[in-house]
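Worksheet: the structure to be examined is printed underneath.
Chain A is the first sequence line, chain B the second, and so forth, proteins listed ahead of strands; every chain is numbered from 1. Computed over heavy atoms, backbone and side chain alike; hydrogens, waters and symmetry mates excluded. These numbers come from a predicted model, not from an experiment.
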Amino acid sequence: MAGARITPRAQDYAQWYQDVVREGGLAEAAEVVRGCMVIKPHGYAVWEKMQADLDRRFKETGHQNAYFPLLIPLSVLAKEAQHVEGFAMECAVVTHSGLKAHDGKISVKNELEEPYVVRPTSETIIGHFFKKWIDSYRDLPMLLNQWANVMRWELRTRLFLRTGEFLWQEGHTAHATHAEAQEEVARMLDVYRDFAHEVMALPVIQGVKTENERFAGAVETRCIEALMQDGKALQAGTSHDLGQNFGKAFDVTFQNQQGAREHVWQTSWGVSTRLVGAVVMAHSDDDGLVLPPRLAPIHVVFVPIWKSDAEKAQVCEAAHKLAKELREDGLGVKVDDRDNLRPGDKYYEWERKGVPLRIELGPRDLAAGTVMAKRRIAPLDANGKAVKETLSMQDLGVAVGRILDEFQRFLYERALAFREANTVVVDTWDEFVAVFKGEGSKFVHAHWDGTGATEKAIKEATKATIRCLPYDGQGPALEPGRCIKTGAPSARRVLFAKNY
RNA sequence: CGGGGCGUAGCUCAGCUUGGCUAGAGCGUUGCGUUCGGGACGCAAAGGCCGGAGGUUCGACUCCUCUCGCCCCGACCA
């Protein structure tokens, strides 16, 4: 009997997602704090894996970490008009300091002269300091990154995908020329793509956002878009060309080599804990979480099998010895030697938590000098049972390393195949409507007349939005045509989908 | 923030319509024993401010009002 259940995807995708997050031990609702989440140890460990890899990539591309305040004076936030307008409704505002007790009740005490906004993002407070720190072309480029929490007062929340508070990194850079800033925007989007492909085993499409979807205060927003198992798109990362908008708003200038003063050209780029949700929705199945090895806090779990106490002592000793060897290879290894659960219970538990490889070690294996390995997702044999692999205890690390590499590649290939099977080119409105009917969604490449009005009309009719104008080569060949909705001339197809 | 649903043991829920014994079940947990290669079983035990606050009543898990939180659908957004 299953103690805990996971609703099948086919039955209720939203419920399935919640079940996987809960049973995987990733996070839960903060309950007493509306719209916020508690990231539990296993979920936080996945985020730490992401952080470690991304941080290395940021350093390799010349960036340094820094930290700016959580609170932004309202007057500072308001300096860039479009920016404050875009975030106005989502801002939490601090208006008081201190508490006082009266009649047995606690209330706030001193009203602040100027309210603080809890950062929804940090362009403005960083703009304030860029002005102070940048004076000469010799100070440029300034390449910073911040790991931080931000708060956006969301009305409807989902664990990892949309919460009131979330964790992220935000890169902020300043450059002497627009061309250099544009290179930075493209470079960091490539970093995100590589990370998604190599570490998350998640294929993504790079592209440019429409004006409607652009970051508030940017002149151009680029993104990586991933396809989830229900056919909806998830924006997995963004990179913004801020032009001179913030440079002008905060009067960030530098003296160029000719001695003239110019406003800097800035960029910002970020990914968030939302990526944990992306991994869940991209790879997991009805048995629970599936983690790509490069994000798995535990790569291998040993389940010793025994009947007698003597056998228990022997197999556990052997399991711990092998585990130690694997840990020396840099792997996360757990030996589940609990004696209050039977092996089958352990199998299910670690599968729900997404451990890529399970190794069973019993008396028969011990005698033969082998172990039984079972991948988190394994092919079925003729009897419908998952295939287990017999591995020699000799050089186990080599075999395990190979299996984990294969599994990492398998997940990417599977996700890519899924995306290809769920990507279509559509040239008629009837076909377009049919794709998005009901809960339906796919990646749809279709022509669009380039106007915001048409974009909105399509959204109202189908709930599908333009995810991006894909990079050349990441969609169908660029060719002119007629808008799917209005029939007006279109320079190229764009990528539509319902989205998270 | 509008519409709908739901808050009772760690988890999933019953009880509420029609107010009344001592608030229940399964799973899980703890202890002992038998088990152990895909979700075992026996015996014993612990575990509840019935989400919170007011109200109606002799009496409230049950009825009324308010409030907090979660889920779903909208509108808004990463």
Side-chain angles (χ1 to χ4, degrees), chain A residues 1-5 7 12-15 17-19 22-23 28-37 86-91 120-121 150-170 209 212-216 221 223-226 233-240 269-278 287 303-309 311-312 315 336-352 358-366 370-374 378 383-386 388 390 439 459-460 463 465 467 499-500:
Chain A
M1 290 289 281
R5 296 206 109 94
T7 306
D12 184 341
Y13 190 86
Q15 186 62 47
Y17 174 78
Q18 290 179 65
D19 292 346
R22 173 172 38 81
E23 294 301 321
E28 62 185 59
E31 297 182 343
V32 291
V33 189
R34 175 176 44 184
C36 293
M37 67 175 162
F87 283 103
M89 298 309 292
E90 300 173 65
C91 289
T121 178
V150 289
M151 176 161 279
R152 296 182 186 176
W153 207 263
E154 297 291 344
L155 301 175
R156 190 174 170 190
T157 58
R158 306 185 73 177
L159 293 176
F160 290 113
L161 302 177
R162 174 160 285 108
T163 50
E165 180 189 9
F166 57 90
L167 306 181
W168 77 347
Q169 58 71 215
E170 43 181 326
K209 285 293 191 189
N212 280 338
E213 302 274 337
R214 191 179 293 159
F215 176 76
T221 288
C223 61
I224 52 172
E225 295 281 333
L234 183 108
Q235 181 181 113
T238 52
S239 185
H240 314 293
W269 28 274
V271 300
S272 72
T273 38
R274 177 176 242 214
L275 292 183
V276 178
D287 296 325
V303 179
I305 311 289
W306 67 79
K307 293 187 195 300
S308 67
D309 283 350
E311 282 178 349
K312 178 186 175 185
V315 293
D336 191 349
D337 55 10
R338 290 176 293 179
D339 60 7
N340 60 327
L341 291 181
R342 305 172 87 228
D345 297 281
K346 297 177 184 177
Y347 300 166
Y348 286 110
E349 177 173 332
W350 294 111
E351 282 171 7
R352 284 196 298 273
R358 177 180 79 234
I359 294 182
E360 301 166 23
L361 175 55
R364 296 202 296 271
D365 299 303
L366 210 53
T370 60
V371 297
M372 294 294 285
K374 158 73 170 54
N383 300 318
K385 291 182 137 183
K388 296 180 184 179
T390 302
E439 292 300 302
K459 182 180 180 183
E460 278 173 29
K463 294 187 183 177
T465 55
R467 300 324 307 151
N499 71 299
Y500 279 96

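For B:G38, its base sits under 3.5 Å from the side chain of A:Glu351 at one donor and acceptor pair at least.
Distances from the side chain of A:Arg152 to the nucleotides B:A78, B:G37, B:A75 place B:A78 closest. Which of B:G38, B:U30, B:A78 sits closest to the side chain of A:Asn340 comes down to B:U30. Of the candidates B:G37, B:A78, B:G39, the closest approach to any side-chain atom of A:Arg352 belongs to B:G39. For A:Lys307, counting side-chain heavy atoms from C-beta on, the closest listed nucleotide (B:G69, B:C36, B:A78) is B:C36. The side chain of A:Arg34 approaches B:C70 more closely than any other nucleotide in the set B:C70, B:G38, B:C77. Taking only side-chain atoms of A:Tyr347, from C-beta outward, the nucleotide of B:G69, B:G37, B:A78 with the closest atom is B:G37. Candidate nucleotides B:G37, B:A78, B:G39 were compared by shortest atom distance to the side chain of A:Arg364, and B:G37 ranks first. Closest to the side chain of A:Asp365, out of B:G37, B:C77, B:G38, is B:G37. The nucleotide whose nearest atom lies closest to any side-chain atom of A:Gln18 is, among B:C72, B:A78, B:C36, B:C72. The side chain of A:Ala29 sits closest to B:C70 out of B:C70, B:A78, B:G37.
Here, B:C13 and B:G5 have their C1' atoms 16 Å apart, quoted to the whole Å. Spacing of P atoms, B:U56 relative to B:G47, comes out at 35 Å, to the nearest Å. Distance noted for atom P between B:G20 and B:A40: 40 Å (whole Å). Comparing the P positions of B:U35 and B:C21 gives a spacing of 47 Å, expressed to the nearest Å. Nucleotides B:G42 and B:A23 are separated by 28 Å at their C1' atoms, to the nearest Å. Spacing between B:C50 and B:A45 at atom C1', rounded to whole Å, works out to 23 Å. Using C1' as the reference atom, B:C32 and B:C72 are 47 Å apart when rounded to the nearest Å. On the C1' atoms, B:U67 is 26 Å away from B:C11, given to the nearest whole Å.
Without hydrogens or angle criteria, A:Gln169 side chain to A:Val271 main chain gives a donor-acceptor distance under 3.5 Å. Between the side chain of A:Asp12 and the backbone N or O of A:Ala14, at least one donor-acceptor pair lies under 3.5 Å.
Here A:Glu349 contributes atom CD and A:Arg338 contributes atom CZ; the two are 4.5 Å apart, rounded to the nearest 0.5 Å. If you take CG on A:Leu275 and CZ on A:Phe160, they are separated by 11.0 Å, rounding to the nearest 0.5 Å.
Separating the CG atom of A:Asp19 from the P atom of B:C11 is a distance of 14 Å, rounded to the nearest angstrom. Atom CD in A:Glu165 sits about 18 Å away from atom P in B:A78, given to the nearest Å. To the nearest angstrom, C1' of B:C76 lies 9 Å from CZ of A:Arg162. Between A:Met151 atom CE and B:C77 atom C1' there is a gap of 15 Å when expressed in whole angstrom units. Distance A:Tyr17 OH to B:C71 P: 11 Å, rounded to the nearest Å. For A:Asp309 and B:G33, the CG to C1' distance is 13 Å, given to the nearest whole Å. In this entry the distance linking CZ of A:Arg358 with P of B:G39 reads 11 Å, nearest Å. Following rounding to the nearest Å, A:Asp339 (CG) and B:G33 (C1') show an atom-to-atom distance of 13 Å.
In this structure, B:C66 forms a base pair with B:G52, meeting either the Watson-Crick or the G-U wobble geometry with both donor-acceptor distances under 3.5 Å. Nucleotide B:G37 is matched to nothing when pairs are restricted to Watson-Crick or G-U wobble geometry with both distances under 3.5 angstrom. B:A75: no Watson-Crick or G-U partner with both key distances under 3.5 Å is found in any strand. Pair check for B:U29 finds B:A45; Watson-Crick or G-U wobble, both atom distances under 3.5 Å. Remark: B:U18 base-pairs with no nucleotide; criterion is Watson-Crick or G-U wobble with both hydrogen-bond distances under 3.5 Å.
Between A:Arg342 and B:G37 there is a side-chain N or O to OP1 or OP2 distance below 4.0 Å.
Using a 4.0 Å heavy-atom cutoff across all strands shown, A:Phe215 reaches no nucleic acid atom at all. In this structure, A:Leu161 reaches the bases: a heavy-atom distance under 4.0 Å links it to at least one base atom across the strands shown. In this structure, A:Thr465 reaches neither bases nor backbone, as no heavy-atom distance under 4.0 Å exists between it and the strands shown. Backbone-only contact: A:Gly35 has heavy atoms under 4.0 Å from sugar-phosphate atoms and none from a base. No contact: A:Ala386 has no heavy atom under 4.0 Å from any strand. Nucleic acid contact class of A:Lys385 (heavy atoms, under 4.0 Å, all strands): none. Contact annotation for A:Glu360: base contact, defined as any heavy-atom pair under 4.0 Å involving a base atom. In this structure, A:Lys388 reaches the bases: a heavy-atom distance under 4.0 Å links it to at least one base atom across the strands shown.
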Report the C-alpha distance between A:Thr7 and A:Asp19 in whole Å, list the side-chain angles of each, state the deciding distance to 0.1 Å, and finish with yes or no for side chain to side chain donor-acceptor pair (under 3.5 Å).
CA-CA 7 Å; A:Thr7 306; A:Asp19 292 346; 2.6 Å; yes
Please determine whether salt bridge (charged side-chain N to carboxylate O under 4.0 Å, His left out) holds for the pair A:Glu28 and A:Arg22, giving the CA-CA distance in whole Å, both sets of side-chain angles, and the decisive distance to 0.1 Å.
CA-CA 7 Å; A:Glu28 62 185 59; A:Arg22 173 172 38 81; over 6 Å; no
Is there a ring-ring contact (aromatic ring centres under 6.0 Å, His included) between A:Phe215 and A:Phe87 once you walk through the steps?
CA-CA 10 Å; A:Phe215 176 76; A:Phe87 283 103; 5.8 Å; yes
Assess whether salt bridge (charged side-chain N to carboxylate O under 4.0 Å, His left out) is satisfied between A:Lys209 and A:Glu225, documenting all intermediate values.
CA-CA 10 Å; A:Lys209 285 293 191 189; A:Glu225 295 281 333; 2.8 Å; yes
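Along RNA chain B, the nucleotide closest to A:Glu154 and the one closest to A:Trp306 are compared, and the more 5′ of them pairs with A:Trp306. Heavy-atom nearest nucleotides on RNA chain B were determined for A:Lys459 and for A:Ala30, and the one closer to the 5' end corresponds to A:Ala30.
Between the side-chain ring of A:Trp168 and the base of B:A78, no stacking contact exists by the 5.5 Å and 30° definition.
For the side chain to side chain contact (heavy atoms under 4.5 Å, CB included) with A:Cys223, the qualifying choice from A:Arg467, A:Gln235, A:His240 is A:Gln235, the only one to do so.
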